[in-house]
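Heads up: the structure comes next, in structure tokens.
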Amino acid sequence: MSAKIYRPAKTAMQSGKAKTHLWVLEFDQEAPRRIDPILGYTSSSDMRQQVRLTFESQEQAEAYAQREGIQYRVIPPKEVARQVVSYTDNFRYNRIQPWTH
């Protein structure tokens with residue numbers, strides 16, 4: 001049984017940072033998914049895939065995994081590099097890119 005611990009990134013559908021400060025422990029897939037021949041649904045016999053635990057910090061998630069004997073890997077979060085952009089920069093006389101319409 002193995003798991004990954006990560007901090008989720010914000011989704012493309014949101015402008016804020018809601019639900020991105022928590023750390024998540026998700027179990028890896030142990031049994032392959034299979035397609036139901038009659039209805040075409042994809043299913044799996046692995047119930048741990050549905051478990052998703054959240055923690056306030058990375059240390060709490062690691063402590064839980066160690067206490068329960070779960071092999072885990074930590075995926076470090078990617079910090080967002082914010083680019084400072086000003087509206088007035090569009091009208092500078094020494095623009096790097098030429099003005100286009």
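Computation of the quantities below employed the complete heavy-atom set of this structure, encompassing side-chain atoms and omitting hydrogens, waters and symmetry-equivalent molecules.
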Cluster question for you: counting only ILVMFWY and a side-chain heavy-atom cut-off of under 4.5 Å, with indirect links fine, are Phe27 and Val24 together? no
What residues, two or more places apart in sequence or in another chain, satisfy salt bridge (charged side-chain N to carboxylate O under 4.0 Å, His left out) together with Glu68? none
Is any side-chain heavy atom of Trp23 closer than 4.5 Å to a side-chain heavy atom of Glu62? no
Please tell me if the side chains of Glu30 and Ser44 come closer than 4.5 Å, counting only heavy atoms from C-beta onward. no
May I ask you to list the residues sharing a hydrophobic cluster with Met13, side-chain cutoff 4.5 Å, ordered by chain and number? none
In Å and rounded to the nearest 0.5 Å, what is the CD to NZ distance from Glu26 to Lys4? 5.0 Å
To the nearest 0.5 Å, how far apart are CG in Leu22 and CD in Gln60? 10.0 Å
Check for me, please, whether Ile5 and Val51 land in the same ILVMFWY cluster - side-chain distances under 4.5 Å, paths through other members count. yes
Nearest 0.5 angstrom please: Asp28 CG to Gln49 CD, how far? 9.5 Å
Using every non-hydrogen atom in the two residues, find where Ala61 and Leu25 come nearest and quote the distance to one decimal. O-CD1, 4.1 Å
Can you tell me how far the CZ atom of Arg33 sits from the OG1 atom of Thr42, to the nearest 0.5 Å? 7.0 Å
Using the test ring pair (Phe, Tyr, Trp, His ring centres under 6.0 Å), find all partners of Phe55 that sit at least two apart in sequence or belong to another chain. Tyr64
If you round to the nearest 0.5 Å, how far is OG of Ser2 from OH of Tyr72? 13.0 Å
Spacing of CD belonging to Gln58 relative to CD1 belonging to Ile75, to within rounding of 0.5 Å: 11.0 Å
